Amino acid sequence: MTTSEQGAGRLSGLIAPAFFPVHRDIRTAGHTHYWLYGGRGSGKSSFAALEIICGIMAHPLANAAVFRKVKDTLRDSVFAQLGWAIERLGVQERWQPCLSPMELRFLPTGQKILFRGLDRASKAKSIKTERGYFRFLWFEELEEFSGMAEVRSVLQSVLRGGEKACCLYTYNPPRSRRSWVNEEQAQPKAGRLCHRSDYRDMPPEWLGTEFLAEAEALKQRSPLLYRHEYLGEITGMGTEVFQNLALRAISEEEIAAFPQIERGLDFGYAADPLHYAVCHYDAARRRLYLFDELRILRASNRQLAAEIAGEHRRHGPGPVFCDSAEPKSIDDLRMLGIKAIPVKKGAGSIGWGMRFLSQEVEQIIIDPARCPNTAREFSGYALETDGYGNAAAQYPDRDNHSIDAVRYALERRIRLRFAGSGAAQRGG
């Protein structure tokens, strides 16, 4: 039996069933990027380490590079985790660890696993391999990195030559939806597979009674903290305006069954983009579906009208409720065949609209593939706080183009909802 077969034989007993689909996908090179996220004890880092060790032994020209943001954290985290994987696979005699420089060497072929901290982004540029290529990259504690620009810089420096690459990203999701890693994960992308796990997916004997007792104690003492730390949920910082979001695919069959479609347009041109929102509001179940958008910079009104006409061909024609601050643009759209209607604005209109969306609507369902900008803005929209953590009373006027467009689309409903309170008379 070869070393590769020996390791693969033991691997099946070391991977939790929750990771079987990801393991099969990696073996068949189904994707390039694997985002593995969850709470404490979710098995994601152990799985990544096992895949890298077995993958190198199975591919004679493959090497690996492992990254953390801070160099000093490498030895006690990813280096130790990969050593654990080697020991559990029973192949210690085939691997040679070295601390200076920090690396793991596969003795039969000379393949290596190299470790780098990215305290400075330039450190990735110095990574070289004596033979073969870097097939495996692992970014541990992804949320610690500064953003996708830093990650892309590493990918561009390291992924050169060779066959299929397997890039593993492991992390505990930050509490805030506005965190770059949560916003990035919410955007569906070709070549990326996202997998969530938590400690309940692991065999209890792997975790031990003490770990399980601590999890249960926190669950009783602080359910919100438990959900974040142990379940890996994005619980928010308490200042997010929209606590009623659901990001999921909205099928063509669902859209075809919507009895009424509503549209809103927030004008913009240079620094601020225009945003056009297409939605359906199910008043009986108080559910709002957002399933199409346009986000354009420096668009002429003729170009905008053509884009809207294209959307009308997909979903049927209808009125477009627009920001009344641009009467000339509204007139242009009308002359170009778009039924553009200015909304009624006035004192209190923003507050009533935000109250309707955040409190009166039970669930806002956004398709992140069809509406990436809408998903990002609604997920990240939060009240500002002062130096003591107290939330401001006013809604911030930034990163809200899609939110304004949706308010305009539903302006008639909002005015009707608050009729009698004086809001309708003061403006929608």
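All residue numbers refer to positions in the sequence shown, counting from 1. None of the values given here were measured: they were computed from a predicted structure.
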Rounded distance (nearest 0.5 Å) linking atom [atom1] of [X] with atom [atom2] of [Y]:
{"X": "F356", "Y": "Y281", "atom1": "CZ", "atom2": "OH", "result": "4.0 Å"}
{"X": "L231", "Y": "R196", "atom1": "CG", "atom2": "CZ", "result": "6.0 Å"}
{"X": "L265", "Y": "L333", "atom1": "CG", "atom2": "CG", "result": "7.0 Å"}
{"X": "W206", "Y": "F211", "atom1": "CH2", "atom2": "CZ", "result": "13.5 Å"}
{"X": "K344", "Y": "I414", "atom1": "NZ", "atom2": "CD1", "result": "14.0 Å"}
{"X": "K189", "Y": "E184", "atom1": "NZ", "atom2": "CD", "result": "3.5 Å"}

Please walk me through it: do D404 and R407 pass salt bridge (charged side-chain N to carboxylate O under 4.0 Å, His left out)? CA-CA 5 Å; D404 286 345; R407 285 198 299 111; 3.0 Å; yes
For [X] and [Y], which heavy atoms make the closest approach, and how far apart are they?
{"X": "G41", "Y": "L207", "answer": "O-CD2, 3.8 Å"}
{"X": "R286", "Y": "Q359", "answer": "NH2-O, 3.7 Å"}
{"X": "F115", "Y": "M102", "answer": "CD1-O, 3.5 Å"}
{"X": "Y171", "Y": "L142", "answer": "CB-N, 3.6 Å"}
{"X": "Y133", "Y": "R135", "answer": "OH-NH1, 3.0 Å"}
{"X": "C167", "Y": "L155", "answer": "SG-CD2, 3.9 Å"}

Check: [Y] and [X] side chains under 4.5 Å, non-hydrogen atoms:
{"X": "I15", "Y": "E51", "answer": "yes"}
{"X": "K112", "Y": "T129", "answer": "no"}
{"X": "P273", "Y": "H401", "answer": "yes"}
{"X": "L168", "Y": "I26", "answer": "yes"}
{"X": "R27", "Y": "R24", "answer": "no"}
{"X": "L114", "Y": "N63", "answer": "no"}
{"X": "H275", "Y": "T374", "answer": "yes"}
{"X": "S349", "Y": "R415", "answer": "no"}

Any side-chain donor-acceptor pair under 3.5 Å between [X] and [Y]?
{"X": "Q220", "Y": "E216", "value": "yes"}
{"X": "Y169", "Y": "Q185", "value": "no"}
{"X": "Q243", "Y": "S358", "value": "no"}
{"X": "Y395", "Y": "N400", "value": "no"}
{"X": "Q81", "Y": "S45", "value": "no"}

side-chain contact (heavy atoms from CB on, under 4.5 Å) between L410 and L357, intermediate numbers included: CA-CA 9 Å; L410 302 178; L357 291 173; 3.9 Å; yes
What do the steps show when you test E229 against N172 for side-chain contact (heavy atoms from CB on, under 4.5 Å), and what is the final call? CA-CA 8 Å; E229 292 190 5; N172 290 22; over 6 Å; no
Using atom types as modelled and distance alone, determine if a side-chain donor or acceptor of [X] lies under 3.5 Å from a backbone N or O of [Y].
{"X": "D201", "Y": "A16", "result": "no"}
{"X": "N182", "Y": "S176", "result": "yes"}
{"X": "D198", "Y": "S42", "result": "no"}
{"X": "S153", "Y": "A149", "result": "no"}
{"X": "D323", "Y": "F267", "result": "no"}
{"X": "N244", "Y": "V361", "result": "yes"}
{"X": "S379", "Y": "R376", "result": "no"}
{"X": "K164", "Y": "H31", "result": "no"}
{"X": "R295", "Y": "C371", "result": "no"}

Before giving the answer on side-chain contact (heavy atoms from CB on, under 4.5 Å), spell out for T170 and F47 the whole-Å C-alpha distance, their side-chain angles and the decisive distance to 0.1 Å. CA-CA 10 Å; T170 53; F47 172 76; over 6 Å; no
Which is it for F79 and L104 under the side-chain contact (heavy atoms from CB on, under 4.5 Å) test, yes or no, and what are the steps along the way? CA-CA 8 Å; F79 187 80; L104 291 167; 4.0 Å; yes
Looking at [Y] and [X], is any side-chain nitrogen of the basic one under 4.0 Å from a carboxylate oxygen of the acidic one?
{"X": "E141", "Y": "K69", "answer": "no"}
{"X": "E254", "Y": "R248", "answer": "yes"}
{"X": "R370", "Y": "E252", "answer": "yes"}
{"X": "E214", "Y": "R40", "answer": "no"}

Decide if the gap between the ring center of [X] and the ring center of [Y] is smaller than 6.0 angstrom.
{"X": "F145", "Y": "F67", "answer": "no"}
{"X": "Y408", "Y": "F321", "answer": "no"}
{"X": "H315", "Y": "F291", "answer": "yes"}

Heavy-atom count around R334 CZ within 6.0 Å, excluding the residue itself: above 12? yes
Over 12 non-hydrogen atoms of neighbours within 6.0 angstrom of CD in E205: yes
Which residue in the set W35, F20, F19, Y34 passes ring-ring contact (aromatic ring centres under 6.0 Å, His included) when paired with H195? F19
Would R417 pass as a cation-pi partner of W352, given that its NZ or CZ must be under 6.0 Å from the six-membered ring centre and within 45 degrees of the axis? no
For P396, which residues count as a side-chain contact (heavy atoms from CB on, under 4.5 Å) partner, sequence neighbours excluded? Y381, L383, E384, R398
